[in-house]
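Let me begin by presenting the structure, written as structure tokens, before commenting on it.
Note that the coordinates shown come from a computational prediction; the quantities given were computed from them, not determined experimentally.
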Amino acid sequence: MSCQKTFNRPFFNLCLSAVVLSSPSLVQATQAADDTVVVTATRTSQTVNESVSTVKVVSRDDIIRRQAKSVPELLQGLTGVHFVNNGGRGKTTSLFIRGTNSDHVLVLIDGVKVGSASSGSTPFQDLSIESIDRIELISGPRSSLYGSEAIGGVIQIFTRKGDGELRPSFKISAGSYDSYETAASVSGGSEYAHFSVGASATRINGFDSCQAEAAGVGGCFVDQADKDGYESQSGFLTAGLKSDNGSGISLTSSFGQNESEFDGSFQDNGESRQYFVGLGSNLIVSDSYWVKVNVGRSVDKTDNFLGDSYSSSFNTVRDTASLQNDLVISDTLMLTLGGDYQRDDVDTKGSGAYQADDRENWGAFTQFLLSEGRHDLELSARYDDNDQFGAHLTKGVGYGFALAEGLRLVSSFGTAFKAPSFNELYYPFYGKADLNPEESRSFEAGLKGSTPSGDWSLMYFASYIDELIAYDSTTFSANNIDDAKIKGLEFAFDQSLNEHWQLGLDLTLQNPTNESPGANQGNQLARRPKKSGLVQMSYAETDWSAGIDFNFRGTAYDNLANTREIKASRTVDLRGQIEVAENWLLQAEVENLFGSYSETISFYNQPEQAVYVTLRYEP
């Protein structure tokens with residue numbers, strides 16, 4: 001039984017009762033009948049195996065086992081996922097999903113949309129990984145449910161929640177580049193309430209982020225042979241109440257303060273602050289009707305300096321509200337109706353006034369989920385009214401067919417759009433005020449398999465994007481590319497070979513191509529490799545474990561003309577841990593074992609061999 005296969009109230013209670021307060025507006029994933037239940041793909045509960053979407057789930061256990069120090073490090077190499085980074089941890093980091101743009105991914109924290117209204121993206125480098133319980137990654141267009149920015153996919157981060165008796169956790173870590181990290185939290189709960197609170201701090205002296213060869217050529221345009229460090233302090237608080245019937249209210253909040261040094265001729269260090277708060281409720285009206293409401297505010301403030309001299313500021317505020325109604329029509333049919341509101345405000349100083357500094361978007365969406373025998377059908381549609389770029393209608397359809405026990409054929413089609421960000425429109429020497437919104441049509445089809453020892457999937461995908469926004473070196477500004485085409489294959493394999501050995505494989509082969517007539521026609525889209533992947537092998541005993549990760553990325557280019565090559569890279573990471581006392585783990589990791597040089601953006605260095613040791617208490 002699953003939350004998708006039968007929409008009756010008894011199983012809904014099973015999904016809802018354990019975690020109804022874990023997100024402001026969405027029922028958080030839990031475990032049911034050995035299937036992982038997710039909510040991001042359809043904004044309702046369903047299992048990974050029964051979803052017709054391409055879903056990847058990263059759990060708290062994965063975070064601990066892989067000793068991940070940041071969200072980019074945790075997600076890098078997963079099918080369809082590629083990060084680029086401006087020179088080490090804490091530097092600007094951008095995410096590409098299935099070859100789409102770095103601002104084509106919509107990011108939610110506990111159901112509330114976050115990100116910078118000026119850049120249109122999320123500062124992944126500054127997200128505190130110690131506040132995360134799990135991450136759901138959905139590849140493919142989701143504009144028909146979520147609106148703008150969901151061309152490439154959706155990432156939802158669920159924060160840690162309390163449950164039962166008080167549970168403290170603790171972590172201290174040190175390693176290469178004079179890096180130090182500490183984190184502590186405590187959580188607890190009862191039948192009717194829960195809370196979790198924590199804080200963390202990071203300091204890294206770092207390395208020279210940009211090569212001397214970049215002076216006057218590209219990248220940072222300057223030669224500053226110094227160490228570019230990073231400091232961060234963050235905290236989070238979640239709390240909630242619920243009633244006997246499962247209705248409840250919850251609060252999620254977090255803050256982060258960061259200082260980063262980098263190389264540049266106009267600015268070489270910055271201070272940023274991120275704040276987030278979400279308040280939501282789940283109301284069980286009847287056995288077949290429930291309502292979810294949330295409101296949220298996401299604040300991103302950045303001050304930039306050249307040495308000690310002030311350079312510029314970018315302050316953005318994003319306010320959101322959502323209402324969702326889920327109606328079980330029968331045991332096999334569910335109807336969802338809802339609406340979203342978003343307001344973005346931008347305040348800039350030192351970089352010239354923007355022609356527009358605020359905008360609103362109203363959206364209404366509907367979805368039908370039908371599950372009948374071997375067949376699963378998803379239909380969705382959404383209407384958005386953006387007060388700067390007008391109305392947009394997006395549609396989605398998905399179909400799944402059970403070929404045999406543990407084997408399904410899945411396919412989906414969706415349209416999407418993306419409004420240009422304020423920076424793409426107005427940033428000095430980059431923005432172009434007459435940019436058009438991006439629009440896309442995407443298709444995927446493939447096989448998903450499940451066995452008692454694990455899961456696998458093989459997916460083909462294709463996206464056609466009109467008016468794709470990219471940096472044009474001929475005009476030194478953002479520009480619309482008339483036509484872009486991205487086709488590819490993804491293969492994911494995660495299996496327990498026996499009681500000790502686990503093997504994971506994520507492989508992406510894609511061809512992101514500029515199809516616009518002109519000198520760049522047929523060229524590879526900038527900063528997207530044609531191949532990338534991750535191989536993970538681990539061995540576990542009762543009180544110790546060890547693993548090896550092999551991460552590889554193919555050749556890419558840093559410009560539309562494909563004249564500036566970003567060479568392929570291959571890195572090997574080793575990790576191990578031992579339980580030195582009950583709930584106490586001593587962990588060690590060697591990143592980039594062979595010290596291979598790599599870069600994801602021209603002239604920007606990436607870490608060479610590094611060693612880290614961690615002591616962790618995690619009950």
Side-chain angles (χ1 to χ4, degrees), residues 69-73 83-94 102 115-128 175-182 200-235 255-275 299-316 346-352 422-423 427-431 599-608 610:
K69 293 173 286 297
S70 66
V71 171
E73 181 182 327
F83 282 93
V84 300
N85 169 266
N86 286 55
R89 189 168 170 202
K91 307 305 182 286
T92 300
T93 303
S94 302
S102 59
S116 168
S118 57
S119 68
S121 59
T122 300
F124 289 98
Q125 69 276 3
D126 294 324
L127 296 176
S128 171
S176 299
Y177 305 112
D178 297 323
S179 65
Y180 303 92
E181 295 184 62
T182 58
S200 60
T202 300
R203 192 192 75 183
I204 306 170
N205 283 350
F207 51 85
D208 191 10
S209 63
C210 192
Q211 301 171 30
E213 291 84 352
V217 178
C220 53
F221 290 95
V222 68
D223 178 11
Q224 293 178 324
D226 59 353
K227 292 183 177 181
D228 298 305
Y230 173 70
E231 291 188 13
S232 174
Q233 301 84 37
S234 62
F255 77 92
Q257 179 174 303
N258 316 281
E259 299 179 19
S260 183
E261 298 170 337
F262 44 89
D263 292 345
S265 54
F266 295 101
Q267 51 199 33
D268 59 15
N269 68 96
E271 300 175 357
S272 63
R273 296 162 299 283
Q274 293 87 33
Y275 308 92
V299 179
D300 190 332
K301 298 184 177 182
T302 301
D303 297 320
N304 298 307
F305 303 85
L306 181 62
D308 295 328
S309 301
Y310 171 82
S311 174
S312 61
S313 296
F314 294 86
N315 301 326
T316 72
V346 177
D347 180 21
T348 63
K349 296 179 181 178
S351 61
F422 285 97
N423 283 2
Y427 191 85
F429 309 111
Y430 172 75
E599 59 184 24
T600 58
I601 302 174
S602 290
F603 305 112
Y604 284 97
N605 301 315
Q606 290 300 299
E608 298 181 359

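- Annotation for S234 and S200: closest pair OG-OG, 2.7 Å, computed over non-hydrogen atoms.
- Taking every heavy atom of both residues into account, F124 and T93 meet most closely at CD1-O, 4.2 Å.
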- Evaluate the criterion side-chain contact (heavy atoms from CB on, under 4.5 Å) for residue pair D208 and D226; output intermediate values, then yes/no. CA-CA 5 Å; D208 191 10; D226 59 353; 3.9 Å; yes

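- Taking the six-membered ring where the residue is Trp, F305 and Y310 present perpendicular rings, their angle passing 60° and hence far from 30°.
- Under the 4.5 Å side-chain criterion, counting only non-hydrogen atoms from C-beta, N258 is in contact with Q274.
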- Please report the C-alpha distance between Y427 and F314 in whole Å, then the side-chain angles of each, then the deciding distance to 0.1 Å, and finally whether the ring pair (Phe, Tyr, Trp, His ring centres under 6.0 Å) criterion is met. CA-CA 11 Å; Y427 191 85; F314 294 86; 5.7 Å; yes

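- For D228 (side chain) and S209 (main-chain N/O), a donor-acceptor pair under 3.5 Å exists by modelled atom type.
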- Would you sort out whether S272 and D126 count as a side-chain contact (heavy atoms from CB on, under 4.5 Å), showing the intermediate values? CA-CA 9 Å; S272 63; D126 294 324; 3.8 Å; yes

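- Nearest heavy-atom pair, S265 versus F221, reported as atom, atom and distance to 0.1 Å: OG-CB, 4.4 Å.
- Side-chain N or O atoms of E213 include none that pairs as donor or acceptor with a backbone N or O of F603 at under 3.5 Å.
- Here S309 contributes atom OG and Q267 contributes atom CD; the two are 12.0 Å apart, rounded to the nearest 0.5 Å.
- With hydrogens and angles disregarded, a donor-acceptor distance shorter than 3.5 Å links the side chain of N269 to the backbone of G307.
- Between atom OG1 of residue T600 and atom CG of residue N86 there is a gap of 7.5 Å, rounded to the nearest 0.5 Å.
- If you take CG on N205 and CD on E261, they are separated by 8.5 Å, rounding to the nearest 0.5 Å.
- Ion pair R273/D303 flagged as a salt bridge, since at least one NZ, NE, NH1 or NH2 atom sits closer than 4.0 Å to an Asp/Glu carboxylate oxygen.
- Two residues are said to be in side-chain contact when any heavy atoms from C-beta on lie closer than 4.5 Å; C220 and Y604 meet this criterion.
- If you take NZ on K91 and CG on N605, they are separated by 11.0 Å, rounding to the nearest 0.5 Å.
- A side-chain donor from one of S312 and N304 sits under 3.5 Å from a side-chain acceptor of the other.
- With rounding to the nearest 0.5 Å, the separation of OG in S311 from CG in D268 is 9.0 Å.
- Two residues are said to be in side-chain contact when any heavy atoms from C-beta on lie closer than 4.5 Å; N315 and V346 fail this criterion.
- We find the OG-OH distance between S179 and Y230 to be 12.5 Å, quoted to the nearest 0.5 Å.
- When side chains are defined from C-beta on, D300 counts as touching P123, because their heavy atoms get closer than 4.5 Å.
- The closest side-chain heavy-atom distance from F262 to Q224 is not below 4.5 Å.
- Distance alone, capped at 3.5 Å, places no donor-acceptor pair between the R89 side chain and the S70 backbone.
- Listed here is the closest heavy atom pair of Q606 and E599: CG-CA, 3.9 Å.
- Residues P607 and F207 meet the side-chain proximity criterion, which asks for heavy atoms closer than 4.5 Å.
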